[in-house]
Amino acid sequence: MIESIIIQNIQIIFFLCVLKQYMNLYLSVSRQKILLLSGVLYLIIKMLVVIFDVQMHPILNILYNVSLLFLCTFFSFKGKLYKKIIYVVIFEMLWLIVELISGYMISLFIKGDNKGFYITSISMILLFTVVQLIVSNVKNSNKHRDISQKYRILLLGVPLISMIMAVVIYYFSEQLGDSVYMVIISSVSTGLLLLLNISLFIIYDRLMEDMRIHKVNMLYHNQLEIFEKQAEEREDAILNVINLRHDIKNHLIYIRELIDMNDRGEVITYLDKLLKLTLYQKSEFSRSGNVVLDSLINYKYTKVKQYNIDFQLHITVPITLPYEDGDLLIILGNTLDNAIEAVVKIPKNERWIMISIHTQKNALAIIVRNAYNGDLRKGKNNQLLTSKKDHIHHGIGLSSIYKAVEKYMGSIDINYTDKEFKISILLFKPE
Amino acid sequence: MIRVALCDDEKVITSKVESYLLEIQMSHGIEMSIDVFFDGSTLSSHISRGSEYDLIYLDIEMEKMNGVDAARWIREIDKLVLLIYISSHEIYLKELFEVEPFRFLGKPINKEEFEHVFLKAYEKISSNNQYFEFKYNREIRKIPIKDIQFFESDKRVIYIYTNDEMEKFYGKLNDVEKKLKSSKVTFLRIHRSYLVNYNYVKKIGVNSIEMLDGTVHEISIEQQKKLRQKYCMLIGGDISD
C-alpha cells in the first residue's frame with residue numbers, strides 16, 4: 001500500500017511539472033509560492049482519494065479532475081478567466097486521451113491488477129512527449145495576446161468534443177470485447193483524435209503569427225508612405241538652399257545697394273524673405289527634427305488643407321524618442337484623425353486644432369485640443385464610443401490608441417466642454 | 001519681485017530680451033531685477049557664489065561654455081530655477097532635455113511668444129512663494145513651500161524634508177495633503193506615507209519616481225493607477241499653451 005502511494009506521488013509530481021510547462025506556454029506564473037502550494041494541495045487531495053478508496057463514475061472523474069486542475073491553476077497563473085478554463089480543459093483532454101491509449105496498449109500485454117501502474121506510467125511518458133511537441137512547435141508565446149471571442153468557443157469546443165468521442169470509443173470497445181483488432185482500432189482512433197488536436201494547436205499558432213506579421217506589415221506600409229512624402233518635400237527644400245548659396249553674391253550686392261539708398265524697410269523685407277528660405281518648405285508645418293512625428297503631422301496637415309482648419313503646434317521633443325515608431329503613429333495618428341473628424345462638423349471659420357507634444361520628467365505628453373460642438377458616447381469602463389455610424393470599424397481607432405498607450409503603462413485623460421475637446425496622453429519611458 | 005538672468009554671447013539678443021522684459025514690467029506691473037551675462041561660466045560662478053535667480057534665459061549655442069553644460073552646472077546648485085533655452089536651431093538632442101528646461105524660444109525671438117512664455121513662468125514662480133505652517137512644541141513654524149522636497153509620515157509623526165534640513169511635527173498626512181491643495185504647488189501622494197513635491201521630481205516612472213538629487217521613491221501599487229491619471233492632467237494643464 002505504502003509503495004503504491006509513494007509511486008503514485010512520484011507520478012503526480014511528474015504530472016504537475018508537465019502541467020506547469022504546458023500552462024507556462026500560455027500564461028505567466030503568478031507567484032512561485034502559490035504555485036508550489038497548489039501543487040502540494042493537489043498531491044494531498046489525490047493521495048486522500050486513493051487512501052479512502054473513493055470510487056467515481058468516469059464522467060464524474062473527468063469533472064473532478066478538471067475542477068482540481070482548474071483550482072490548481074486559477075491562483076498560480078496570471079491571466080484572463082476564460083483562458084484558464086480553455087487551457088485546463090485542453091490539458092484534461094490530452095491527459096484523458098493519452099491515458100485511454102495507454103490503457104488500450106497495456107491491456108494487450110498485461111492482465112490483472114497492476115495494470116494501473118503501467119497505464120499511468122506510460123500515459124505520463126506520452127503526455128510528456130505530447131506537451132514537448134506542442135511547446136517546441138508553438139512559435140508565439142501567447143501570453144500577452146487576447147483570443148478573440150469567436151475563437152474562444154472553438155478552442156473550448158474541440159477538446160470537449162474530442163473527450164466525448166474518446167470516451168464513446170472506449171465504451172464501445174468495452175462492449176465489443178478484448179480482441180487484438182479491437183484494441184488496435186480503439187487506440188488508433190483515439191490516437192487520431194489526439195493528432196487532430198495537436199494539429200489544431202499548431203495551425204492556430206501559425207495563423208496567429210501570420211496575422212501578427214500582416215498587421216506589422218500594414219503599419220510599416222503606412223509609415224513608408226508617410227516618410228516618402230516627407231523625404232520628397234525635404235529634397236525640394238534642399239534644392240532651394242543650394243540655389244540660394246549660388247545666388248548669395250547677388251543677394252549681397254542687392255542688399256548693399258538698398259542700404260546705400262537708405263531703404264531700411266526694403267532691406268528688412270528682403271532679408272526676411274531670405275531667412276524664410278531655410279531647409280524647410282512652406283508646407284513643412286512640423287519641424288521638430290523628430291522624423292516620425294514631423295512626417296505624421298505634416299502628412300495630416302497637408303491632407304486637410306482644404307478644410308480650413310487653424311492648426312497650432314507646440315512641439316519640443318528630442319530627435320529620437322524611446323518609443324516604437326509604430327506606436328507613436330498609432331497614438332498620434334488616430335488622435336489627430338479623431339480631432340479632424342470632430343472639427344469638420346463645425347462651421348468653417350471656427351475650426352481649430354491645437355497640438356502639444358512635450359517630454360517632461362522622463363515621460364512623453366501628447367495633448368490634442370480641438371473645437372467641438374457635439375455629444376460623446378461612452379461605453380463600459382468609461383471608454384469613449386465613437387459617434388461615427390460604423391461603430392465597429394471606426395471604434396478600432398480609439399481602441400488602438402488605448403492599446404498602444406497601455407503598452408507603455410501610460411494613461412489617457414479626456415476633458416471636454418461644449419466648446420472644446422481635449423485629450424491628454426501620457427507615455428512613460430520604457431525601461 | 002522676480003530675479004531674472006540672461007545669458008547670451010550676442011549683444012543683439014541680450015538687448016532685445018532686456019527690452020522685452022522691461023516692456024512687460026511696465027505693462028503688467030511686474031517687479032523684476034535683470035542681470036545680464038555674456039557667457040555661461042560667468043553666470044555659473046555668480047550662482048555658485050550665492051546669486052539666486054527665479055528665471056534664467058540661456059542661449060544653448062554660446063561659444064565658450066555651451067548652454068547645456070551651463071544648465072547642468074546651474075541645476076547642481078539651484079534645483080528649482082526655471083530655465084528657458086534660446087536657440088536658433090529647431091532640432092534638439094536628448095541631452096537638452098536632461099535638465100528639464102521650462103520652455104524653448106527660437107531665434108529670432110518673437111515678441112508675443114516671448115511675453116506668453118514669460119507670463120507662464122511668472123505664474124509658476126509666484127505660486128511657489130507660499131508657506132507651509134505647522135505646530136511643534138507649542139510653536140507655530142513656517143517653511144516656504146518651494147523648499148519642501150517631500151513629507152514622510154511614520155505613525156503620527158510627519159517629517160518634512162527640505163533642501164537643508166528635516167523638520168518634524170505631529171499630524172496626519174491626509175491633513176497635510178488637504179492643506180496643500182489650496183496652494184498652487186502640486187504634491188503627489190505616491191504612497192500612504194509619502195507626499196512628494198512635483199517640482200523636485202526629475203523622472204516619473206510607472207512604479208517609482210526619481211527626485212532631482214537622485215533618490216528614488218517607490219510608488220505604492222494602490223496609488224499607481226491614480227497617479228498616472230494625475231500626471232496626465234498635470235502635464236495637460238501645465239503645457240496647454
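These numbers come from a predicted model, not from an experiment. Letters go in sequence order (proteins before strands), and every chain restarts at 1.
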*Side-chain donor or acceptor of B:Lys203 paired with backbone N/O of A:Gln360 under 3.5 Å*: no
*Taking A:Lys361 for its side chain and B:Val201 for its backbone only, find out whether a donor-acceptor pair lies under 3.5 Å.*
yes
*asked:* Can you tell me if B:Ile221 has over 12 outside heavy atoms packed within less than 6.0 Å of its CD1?
replied: no
*Do other residues, nucleotides or ligands put more than 12 heavy atoms under 6.0 Å from A:Lys429 NZ?*
no
*If you round to the nearest 0.5 Å, how far is CZ of B:Phe104 from OG1 of A:Thr316?*
5.5 Å
*How long is the span from the CD atom in B:Glu210 to the CG atom in A:Asn362, to the nearest 0.5 Å?*
8.0 Å
*For the residue pair A:Phe428 and B:Val206, what are the closest heavy atoms and their distance?*
CD1-CG2, 3.6 Å
_Proximity breakdown for A:Leu321 and chain B, heavy-atom pairs closer than 4.5 Å_ = neither
*Which answer fits A:Ile412, side chain, backbone, both or neither, if we ask what part of it has an atom under 4.5 Å from a heavy atom of chain B?*
backbone
*So which of B:Lys225, B:Arg228, B:Lys226 actually passes side chain to side chain contact (heavy atoms under 4.5 Å, CB included) with A:Ser411?*
B:Arg228
